[in-house]
Amino acid sequence: MSLSLVFQLSLYGLTGLTGVMLAFAEEHWWPAFITLPLVVIAFIYVERRRLLFLPPLWANLIGVAIFCVAGYESMGPSDDARVIALSHLLVYLSWLVLFQEKNARQYWWLCALSMLQVAMASLLTLSGWYGILLMLYVLGAVWTLAVFMLHQGERRFTQTPPPDGAT
């Protein structure tokens, strides 16, 4: 199994876990739990088969729409509408990044959005189960970031031309 595959499986698994954690914290499956099947679809069709990519223009247009939807959600009648809208914004942005062609920047965005979703979820729950999921997330995040550093080092090493005279 290649380092690239291990990294992608780790990152996509961490993103799926984050969706489950946020859905659990919100006590509602929409939209965070939908991240789990979208992670599987994106892994298969974007990362492995490389058949489905969101072009940059469409990604930008969808990004504007995402911010409009989150702004609308933030005007809800409940007191916590802004917190819920922000957590949904993070979920929608994760979906957007999942379906883009990836380079190091998009991978970092997935890591950052994942961490922000975990932080938002911590505001929404007091459950002890969330603490257990948080420990699992921390272990997964440390593993994923370690593999990410190895993956980036491998890519730099394989892309660097050998020095003159070296065989």
Side-chain angles (χ1 to χ4, degrees), residues 4-76 78 80-125 127 129-130 133-134 136-145 147-148 151-152 155:
S4 178
L5 179 61
V6 171
F7 165 64
Q8 291 168 351
L9 283 171
S10 300
L11 182 59
Y12 278 68
L14 193 66
T15 303
L17 175 62
T18 303
V20 170
M21 289 174 71
L22 189 57
F24 179 76
E26 284 184 358
E27 297 177 355
H28 199 272
W29 66 273
W30 176 261
F33 194 74
I34 302 301
T35 302
L36 200 55
L38 289 179
V39 160
V40 173
I41 291 167
F43 179 75
I44 292 170
Y45 291 104
V46 175
E47 291 294 336
R48 302 314 304 163
R49 294 187 181 166
R50 304 182 82 55
L51 294 174
L52 179 68
F53 293 110
L54 199 55
L57 176 64
W58 279 103
N60 290 334
L61 293 173
I62 292 169
V64 169
I66 285 171
F67 276 95
C68 291
V69 167
Y72 178 76
E73 284 182 349
S74 71
M75 294 181 224
S78 66
D80 59 349
R82 282 181 243 141
V83 173
I84 298 294
L86 183 58
S87 70
H88 290 180
L89 173 68
L90 296 171
V91 170
Y92 301 145
L93 289 174
S94 294
W95 294 353
L96 184 63
V97 175
L98 279 172
F99 287 96
Q100 291 179 348
E101 191 169 11
K102 309 279 187 315
N103 59 31
R105 179 173 290 186
Q106 280 75 24
Y107 290 134
W108 277 115
W109 271 112
L110 280 176
C111 291
L113 288 166
S114 169
M115 189 178 305
L116 289 170
Q117 287 179 52
V118 169
M120 289 302 297
S122 71
L123 296 173
L124 299 171
T125 188
S127 172
W129 285 104
Y130 182 78
L133 290 174
L134 182 61
L136 184 62
Y137 173 83
V138 168
L139 291 173
V142 169
W143 166 263
T144 301
L145 291 174
V147 174
F148 189 22
H151 173 69
Q152 283 186 314
R155 289 188 67 205

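What you are looking at is a predicted structure, and each value in this text was computed from that prediction instead of being measured.
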Test item: [X] side-chain N/O and [Y] main-chain N/O as donor-acceptor pair under 3.5 Å:
{"X": "Ser122", "Y": "Ala119", "value": "yes"}
{"X": "Gln106", "Y": "Asn103", "value": "yes"}
{"X": "Lys102", "Y": "Gln8", "value": "no"}

Indicate the atoms forming the closest heavy-atom contact of [X] with [Y], along with that distance.
{"X": "Ala32", "Y": "Ala23", "result": "CB-N, 3.5 Å"}
{"X": "Ala85", "Y": "Ala70", "result": "CB-O, 3.5 Å"}
{"X": "Ala25", "Y": "Ala121", "result": "CB-O, 3.4 Å"}

### Query
Given Leu5 and Arg48, is the side chain to side chain contact (heavy atoms under 4.5 Å, CB included) satisfied, shown in steps?
CA-CA 9 Å; Leu5 179 61; Arg48 302 314 304 163; 3.6 Å; yes
### Message
Checking Leu14 now: which residues fulfil side-chain contact (heavy atoms from CB on, under 4.5 Å) with it, not counting sequence neighbours?
### Response
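Leu14 satisfies side-chain contact (heavy atoms from CB on, under 4.5 Å) with Ser114, Tyr137, Ala141, Thr144 only.
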Point-to-point distance, once rounded to the nearest 0.5 Å, from [atom1] of [X] to [atom2] of [Y]:
{"X": "Leu93", "Y": "Ile62", "atom1": "CG", "atom2": "CD1", "value": "11.5 Å"}
{"X": "Leu134", "Y": "Ser127", "atom1": "CG", "atom2": "OG", "value": "11.5 Å"}
{"X": "Leu98", "Y": "Tyr12", "atom1": "CG", "atom2": "OH", "value": "5.5 Å"}
{"X": "Leu145", "Y": "Gln152", "atom1": "CG", "atom2": "CD", "value": "10.0 Å"}
{"X": "Leu110", "Y": "Gln100", "atom1": "CG", "atom2": "CD", "value": "9.0 Å"}
{"X": "Leu116", "Y": "Leu86", "atom1": "CG", "atom2": "CG", "value": "8.0 Å"}

### All salt bridge (Lys or Arg N to Asp or Glu O under 4.0 Å) counterparts of Arg50, not counting sequence neighbours
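So Arg50 forms a salt bridge (Lys or Arg N to Asp or Glu O under 4.0 Å) with Glu101.
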Looking at side-chain heavy atoms only, is the closest gap between [X] and [Y] below 4.5 Å?
{"X": "His151", "Y": "Val6", "result": "no"}
{"X": "Leu22", "Y": "Thr18", "result": "no"}
{"X": "Val40", "Y": "Leu36", "result": "no"}

### Query
What pairs with Arg82 under side chain to side chain donor-acceptor pair (under 3.5 Å), at least two apart in sequence or on another chain?
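Arg82 satisfies side chain to side chain donor-acceptor pair (under 3.5 Å) with no other residue.
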### Query
Taking the six-membered ring for Trp, are Phe148 and Phe7 parallel (under 30°), tilted (30 to 60°) or perpendicular (over 60°)?
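Phe148 vs Phe7 ring planes: parallel.
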### Query
For residues 56-65, which residue pairs qualify under side-chain hydrogen bond (donor to acceptor under 3.5 Å, both in side chains), counting only residues two or more places apart or in two chains?
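Counting only pairs at least two positions apart or across chains, no side-chain hydrogen bond (donor to acceptor under 3.5 Å, both in side chains) contact touches residues 56-65.
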### Task
Could you note down all residue pairs passing side-chain hydrogen bond (donor to acceptor under 3.5 Å, both in side chains) where residues 86-96 supplies at least one of them, sequence neighbours left out?
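Output for this query lists Glu26-Ser87, Glu26-His88, Thr35-Trp95, Glu73-His88, Glu73-Tyr92, Ser94-Gln117.
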### Task
Quick one: list whatever passes ring-ring contact (aromatic ring centres under 6.0 Å, His included) with Tyr130, sequence neighbours left out.
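Listed in chain order: nothing, the list is empty.
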#### Entry: side chain to side chain contact (heavy atoms under 4.5 Å, CB included) assessment of Ile84 paired with Leu124
CA-CA 9 Å; Ile84 298 294; Leu124 299 171; 4.0 Å; yes
### Task
Under the ring pair (Phe, Tyr, Trp, His ring centres under 6.0 Å) rule, what do Phe99 and Tyr45 come out as? Steps first, then yes or no, please.
CA-CA 9 Å; Phe99 287 96; Tyr45 291 104; 9.3 Å; no
